[in-house]
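See structure below.
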Amino acid sequence: MNMQTKKLYTVIIFSENTVGLLNQITIIFTRRQLNIETLSVSPSAIKGIHKFTITTFADEDMIDKVVKQIDKRVDILKAYYNTDEDLVYQEIALYKVSADLFLKMEGVEELIRKHNTRILDMNEDCVVLEKSGHYEETQSLFKELSRKIGVLQFIRSGRIAITKSKVERLSDMLSAMKTKLDIKNGEE
Amino acid sequence: MDNKDIGNNRAQGADEKVTGSEAMLKTLIAEGVDTIFGYPGGQVIPLYDCLYDYRDKLKHVLVRHEQGATHAAQGYARVSGKVGVVMVTSGPGATNTITGIADAMIDSTPIVVISGQVPSPLLGTDAFQEIDVIGITQPITKWTYQIRKPEEIAWAVSRAFYIASSGRPGPVVLDFAKDAQVGTIDYEYEKVTYIRSYQPAPERIAGQVEAAAELINKAKKPFALVGQGVILSGAERELYAFLEKADIPAGSTVLGLSAMSSGYRLNKGMLGMHGNVGPNRKTNECDVLIAIGMRFDDRVTGNLQTYAKQAKIIHLDIDLSEIGKNVPVDVPVVGDAKETLAAITNLLQPAKHTEWIDSFAADEKEEYEKVIRKEIQPEGDRLLQMGEVVCKVSEATGNKAVLVTDVGQSQMMSVRYFKYSQSRSVVTSGGLGTMGYGLPAAIGAKFGAPGRTVCLFVGDGGLQMTLQELGTIMQEKLNVKIIVLNNNYLGMVRQWQELFFNKRYSATAMENPDFAAIANAYGIAARTVEKREELDGALAEMLNHDGAYMLIANVVAHGMVYPMIPAGGTITDIIME
């Protein structure tokens with residue numbers, strides 16, 4: 001496939017909280033030869049419903065097919081895909097650096113201000129910095145630290161994202177289903 | 001909502017205290033099950049022990065291999081429209097069902113497979129005959145669930161039947177831990193008719209039906225493709241009404257065969273690689289193509305770059321993920337074909353397309369001259385042809401029998417030349433192309449349609465893949481007619497080798513046993529024919545025989561299934577002779 005037509009998509013999936021759901025989702029990516037770039041799973045605002053946030057590079061035709069196949073699984077309530085323009089999104093990164101080198105580094109204050117970084121922990125051996133932001137932002141701090149003093153350990157979380165639109169599509173869907181169920185029960 | 005029910009001990013409304021095994025069987029009965037295809041083993045002994053008490057209500061068919069159980073359940077489901085049920089043990093019992101489960105998934109066949117599992121405290125410990133059934137079957141099932149507590153049984157089983165049979169049907173696996181089989185509970189059945197995360201048929205989308213009707217009303221050369229979706233949704237009458245009103249000729253996929261009777265004037269035959277010339281050619285000549293409950297499989301479309309490019313395409317399907325999957329669609333119509341077809345028909349203006357419909361005749365004539373006549377009315381001294389055997393059997397049954405096929409040349413010949421007068425008359429492995437499917441599927445078909453003649457066409461290769469099921473036929477005294485098209489080759493692969501691999505017959509010649517002697521060893525009447533003049537007499541003997549019968553037709557060794565559009569090819573690449 002042509003890399004130029006590929007874009008980063010964020011797939012947001014709401015599911016029942018059942019065992020084995022992640023496998024059901026990932027095998028659909030596997031069959032279509034799509035790499036999962038980042039993955040984040042957490043309970044959603046609605047009790048009993050889990051939310052998966054997955055990013056992947058794909059063309060729109062492919063992501064549309066993949067999301068439809070995910071959406072079709074029995075335990076999946078709803079799957080959507082979005083591009084960055086539709087989303088407010090964030091990642092968090094942790095950086096472990098040598099305490100000695102960090103303290104000797106010039107412009108620590110400037111670096112912390114510029115990157116809006118926090119120091120989470122510090123001991124005689126090492127310092128743990130935290131930064132949240134977009135990939136480019138956490139990466140930029142990584143590059144700067146690497147260049148100046150080296151990074152001993154680095155970890156970045158999967159993307160978390162919220163849609164910019166006012167409506168929460170899932171709650172709309174759930175209330176529509178509830179209405180339908182009530183009508184159905186009323187008929188019986 | 002529905003998940004909350006798990007684990008409730010239902011003390012208040014409870015009826016009675018039963019074991020998990022009994023709860024399972026009671027729920028099966030409540031779901032309308034009367035036949036189970038299965039094979040016992042270590043982790044389902046408690047379940048089978050309980051079955052002994054229910055043997056007057058639940059007929060258990062002891063197959064000879066678990067693969068046979070799944071194909072039998074498929075055959076049963078295909079002809080009856082009910083859910084086929086399989087019961088097997090853990091480990092190898094479960095893994096032996098995989099082929100049948102995968103086959104049911106790709107062919108949208110409703111089956112429920114109940115596999116035993118080691119007691120839940122042993123899960124994940126590599127216990128004896130433990131296998132990760134959930135992990136293995138997730139990619140090839142509509143739903144799979146591990147029952148670890150007896151309290152979950154009523155809920156899980158009813159949910160399984162609801163999922164398997166609703167919407168686009170498919171296989172469901174229930175992995176039934178042994179401790180859940182023996183534990184006791186207060187049992188109460190409650191039918192599952194709603195799952196909040198599952199919508200069997202998508203909501204109709206406003207404007208789609210209208211847009212489809214508008215396109216069809218303007219069409220000069222409309223053509224319909226009939227898939228199994230028509231049969232699954234019970235939309236045969238709606239299909240006839242639709243085709244009649246706007247005078248639309250139609251072709252059928254292999255799995256859609258018998259949705260229209262063979263003699264119907266607008267039925268122009270079979271689509272695809274070995275389909276009829278007319279429907280394949282007209283796909284690339286029509287102005288509006290209406291696909292109904294089919295999924296544009298590559299064996300139907302060939303090369304997508306040249307497929308129906310001139311036509312506006314309307315696609316009716318219950319599965320949203322099928323829309324645009326292989327072929328870009330101009331007007332999707334999502335929903336159950338029974339409803340959407342009727343809704344479109346309502347908006348159609350009555351039309352006549354006589355000239356267009358008559359134009360199929362030239363293709364029919366060409367195919368008859370180049371292919372069909374040679375196959376069904378060969379010159380006197382030529383060896384027995386596969387097509388003529390199929391044709392004769394179909395005629396001898398008044399075109400009323402259920403056709404069950406294996407896979408390969410025997411399959412393509414039988415779906416080409418068998419004729420149908422009612423729906424649900426074809427049982428064949430379409431998507432997966434499973435050799436060995438035929439014999440066990442025929443067993444299931446006979447249980448699903450005991451009043452109908454069941455004719456299996458199988459090659460010498462496919463027969464030997466599940467040959468052991470002759471034992472099931474013997475034990476059940478099943479009246480199944482088995483026609484072996486024996487050419488001592490894996491014929492379809494041999495055909496490809498002849499056409500595309502320079503006649504290098506790598507691993508396709510077979511030295512075969514005396515099939516009649518094998519049938520006789522199972523107490524099954526059998527006869528071998530080689531000469532044309534013996535055929536009618538042998539067929540009469542087969543059909544008059546009260547019980548199973550194996551007719552071995554020693555057919556031409558180098559038979560070819562024509563026409564053939566090579567894989568990935570287009571209609572202009574068609575090979576006729």
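Note: hydrogens, waters and symmetry copies are ignored here, and every other heavy atom, side chains too, is used.
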With a 6.0 Å cut-off (strictly less than), is the heavy-atom count around CG of A:L103, excluding the residue itself, greater than 12?
yes
Answer yes or no: is there a side-chain heavy-atom contact under 4.5 Å between A:V19 and B:Q146?
no
Kindly check if the number of other-residue, nucleotide or ligand heavy atoms within 6.0 Å of NZ (B:K312) is above 12?
no
Are there over 12 heavy-atom neighbours, none belonging to A:K143, within less than 6.0 Å of that residue's NZ?
no
Between B:Q138 and A:N23 (side chain of the first, backbone of the second, donor and acceptor by atom type, cut-off under 3.5 Å), is there such a pair?
no
Which heavy atom of B:S321 sits nearest to which heavy atom of A:K72, and what is that distance?
OG-CD, 3.4 Å
Within a reach of under 6.0 Å around NZ of A:K148, are more than 12 heavy atoms found that belong to other residues, nucleotides or ligands?
yes
If every non-hydrogen atom of A:E16 is compared with every non-hydrogen atom of B:S197, which pair is closest and at what distance?
CG-OG, 3.9 Å
Identify which part of B:I134 has an atom lying under 4.5 Å from any heavy atom of chain A, answering side chain, backbone, both or neither.
neither
Answer yes or no: does atom CD1 of A:I76 have more than 12 heavy-atom neighbours from other residues, nucleotides or ligands under 6.0 Å?
yes
Calculate, to the nearest 0.5 Å, the distance between atoms CG and OG1 belonging to A:D75 and B:T144 respectively.
9.5 Å
So does B:D126 have more than 12 non-hydrogen atoms from other groups sitting under 6.0 Å from CG?
no
Within a radius of less than 6.0 Å around NZ of B:K309, do more than 12 heavy atoms belonging to other residues, nucleotides or ligands occur?
yes
Between CG of A:L77 and CD of B:Q199, what distance do you get to the nearest 0.5 Å?
11.0 Å
Can you tell me which portion of A:I27 sits under 4.5 Å from chain B's heavy atoms? Options are side chain, backbone, both or neither.
side chain
Test log, rule side chain to side chain contact (heavy atoms under 4.5 Å, CB included), inputs A:V74 and B:R159:
CA-CA 11 Å; A:V74 167; B:R159 204 175 196 255; 4.2 Å; yes
Non-hydrogen side-chain atoms of A:Q69 and B:K325 separated by less than 4.5 Å
yes
